[in-house]
Amino acid sequence: MEKSIFFSIQFNGDASLNNGLSWFSLPFEFNGEYVDAPNPQSNLYASYEAGDTRRDITMAKELTDPTTGEMVALANLSYIKYFDPEAAYSPQLSRVNIPLLRYADILLIYAEALNELQGPSDKAYKAVDRIRKRAHVMPLSEMAPGLNKASFRDKIYGERRKELALEYHRWFDLTRRGADYYVKMLHNAGKTNAAPRHVKFPIPQRELLLNPNLKQNPEWEGY
């Protein structure tokens with residue numbers, strides 16, 4: 001499980017490659033841009049259970065300065081998943097690869113599919129438990145046995161959010177559950193501009209002009 005990345009965007013510290021995700025997610029204290037900062041109204045950090053080893057390799061409130069060995073308190077909670085200590089003040093040179101497909105994602109997809117087909121079966125629980133055991137938290141089968149389909153679905157999405165943070169699955173996970181769920185979750189996180197039409201992209205005006213048989217998605221009419 002530890003070395004379970006099937007496909008990734010790979011970096012070797014070459015300046016011409018520019019690991020932008022590391023740069024964009026790192027705070028100003030380490031010369032980062034902090035563009036992909038955690039949503040301050042999100043409860044992602046708090047959602048990790050006590051002892052969950054995924055939390056402190058995903059997010060941090062402080063970082064050790066590798067040049068001085070001193071702990072630097074960050075003004076804001078920050079993503080550190082792509083932080084490379086050897087490129088601390090040049091985060092665009094980070095050698096940390098960006099995963100595109102991991103075994104953990106496959107396990108969670110498998111558990112979700114099983115649940116949608118037949119409810120929370122033993123196989124579905126075992127798939128989730130493999131991930132939770134690696135993170136050193138109680139297996140779901142012990143913590144919450146006997147869940148119904150809807151509750152198990154929520155647990156899977158919670159695991160996806162924690163396991164795959166900053167790997168750009170979240171938007172797809174939210175939209176996959178429908179416009180109402182998407183809007184509710186974003187509004188709960190303070191993103192009140194989210195609307196049902198945002199689960200689809202508008203058809204570009206250029207394409208509409210090139211092909212008169214195309215019609216704009218109804219949700220985007222007038223925008």
Side-chain angles (χ1 to χ4, degrees), residues 4-9 20-21 24-25 34-48 54-55 58-59 77-79 81-82 98-121 124-125 127-128 131-132 135 140 144 147-208 211 214-223:
S4 59
I5 298 176
F6 294 152
F7 299 105
S8 66
I9 302 172
L21 189 51
F24 293 152
S25 60
Y34 203 58
V35 174
D36 280 318
N39 176 8
Q41 292 183 256
S42 169
N43 68 344
L44 176 59
Y45 188 84
S47 72
Y48 288 95
R54 295 173 295 187
R55 189 193 70 178
T58 301
M59 312 172 81
L77 182 66
S78 299
Y79 286 119
K81 182 170 277 191
Y82 304 106
I98 299 174
L100 298 178
L101 180 63
R102 296 201 285 121
Y103 186 47
D105 187 15
I106 298 297
L107 287 173
L108 291 169
I109 289 171
Y110 177 62
E112 182 180 348
L114 288 175
N115 184 57
E116 295 304 320
L117 284 171
Q118 58 194 41
S121 64
Y125 266 106
V128 177
I131 295 169
R132 291 180 58 82
L140 186 61
L147 292 173
N148 61 30
K149 179 184 284 191
S151 297
F152 192 79
R153 182 189 297 125
D154 287 338
K155 291 295 184 183
I156 291 172
Y157 277 78
E159 289 301 322
R160 291 187 63 82
R161 188 181 183 215
K162 291 179 286 189
E163 178 70 30
L164 305 173
L166 207 64
E167 295 181 29
Y168 295 95
H169 294 273
R170 184 63 173 165
W171 184 86
F172 297 99
D173 289 347
L174 292 177
T175 57
R176 189 162 71 252
R177 295 189 67 174
D180 290 343
Y181 182 84
Y182 170 84
V183 170
K184 181 184 75 172
M185 296 301 290
L186 288 183
H187 283 196
N188 288 346
K191 296 183 179 295
T192 55
N193 289 330
R197 68 177 180 278
H198 294 144
V199 302
K200 298 178 181 177
F201 287 110
I203 297 174
Q205 185 61 33
R206 179 178 181 275
E207 300 303 322
L208 293 171
N211 185 351
L214 285 177
K215 301 296 181 184
Q216 183 57 272
N217 288 325
E219 298 91 338
W220 283 97
E221 292 285 355
Y223 289 94

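If you read the sequence from its start, that first residue is 1, and numbering goes on from there.
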Report, one line per pair, each donor and acceptor closer than 3.5 Å where one atom sits in a side chain of residues 179-187; sequence neighbours left out.
unit_1 : atom_1 : unit_2 : atom_2 : d
Y181   : OH     : R177   : NH1    : 3.2
H187   : NE2    : T192   : O      : 3.3
H187   : NE2    : A194   : O      : 2.9

Go through the structure and list residues passing side chain to side chain donor-acceptor pair (under 3.5 Å) with [X], not counting sequence neighbours.
{"X": "R197", "value": "Y223"}
{"X": "S42", "value": "R161"}
{"X": "S121", "value": "Q118"}

message: Walk me through whether W220 and H198 qualify under side chain to side chain contact (heavy atoms under 4.5 Å, CB included).
response: CA-CA 9 Å; W220 283 97; H198 294 144; 3.8 Å; yes

- request: Dump the intermediate steps for side chain to side chain contact (heavy atoms under 4.5 Å, CB included) on L140 and F152, then the final yes or no.
  value: CA-CA 9 Å; L140 186 61; F152 192 79; 3.7 Å; yes

Can you list the residues that meet the ring pair (Phe, Tyr, Trp, His ring centres under 6.0 Å) rule with [X], with sequence neighbours excluded?
{"X": "F201", "value": "W171"}
{"X": "F24", "value": "none"}
{"X": "Y79", "value": "none"}
{"X": "Y34", "value": "F28"}

- request: List the steps and the verdict of side chain to side chain contact (heavy atoms under 4.5 Å, CB included) for I131 and R54.
  value: CA-CA 10 Å; I131 295 169; R54 295 173 295 187; 3.6 Å; yes

field: Distance, nearest 0.5 Å, that separates CD of E159 from CG of L107
entry: 11.5 Å

- request: Please round to the nearest 0.5 Å and tell me the distance separating atom CD1 of I156 and atom CD1 of I109.
  value: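 CD1 of I109 is found 11.0 Å from CD1 of I156.
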
For residues [X] and [Y], report the shortest heavy-atom separation together with the two atoms involved.
{"X": "Y48", "Y": "L44", "answer": "CD1-O, 3.2 Å"}
{"X": "P38", "Y": "L77", "answer": "CD-O, 3.4 Å"}
{"X": "S78", "Y": "S25", "answer": "CB-O, 4.4 Å"}
{"X": "A144", "Y": "L147", "answer": "O-CG, 3.3 Å"}
{"X": "D36", "Y": "Y168", "answer": "OD2-OH, 2.8 Å"}
{"X": "N217", "Y": "P202", "answer": "ND2-CA, 4.3 Å"}

All pairs passing salt bridge (Lys or Arg N to Asp or Glu O under 4.0 Å) where residues 199-208 contributes a residue, at least two apart: K200-E219

Within residues 100-120 or reaching into it, pairs that qualify as salt bridge (Lys or Arg N to Asp or Glu O under 4.0 Å) - sequence neighbours excluded: R102-E163, R102-E167, D105-R160, E112-R176, E116-R153

field: Set of side chain to side chain contact (heavy atoms under 4.5 Å, CB included) partners for L208, sequence neighbours left out
entry: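 Partners of L208 by the side chain to side chain contact (heavy atoms under 4.5 Å, CB included) criterion, ordered by chain and then number, come out as I203, Q205, L214, Q216.
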
field: Residue list, side chain to side chain contact (heavy atoms under 4.5 Å, CB included) with N148, at least two apart or on another chain
entry: A150, S151

message: Donor-acceptor pair, distance only, cut-off 3.5 Å: does the side chain of N115 make one with the backbone of K149?
response: yes

L101 and I106, any side-chain heavy atoms less than 4.5 Å apart: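 Sidechains of L101 and I106: in contact.
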
field: Steps toward side chain to side chain contact (heavy atoms under 4.5 Å, CB included) verdict (S47, K162)
entry: CA-CA 8 Å; S47 72; K162 291 179 286 189; 3.7 Å; yes

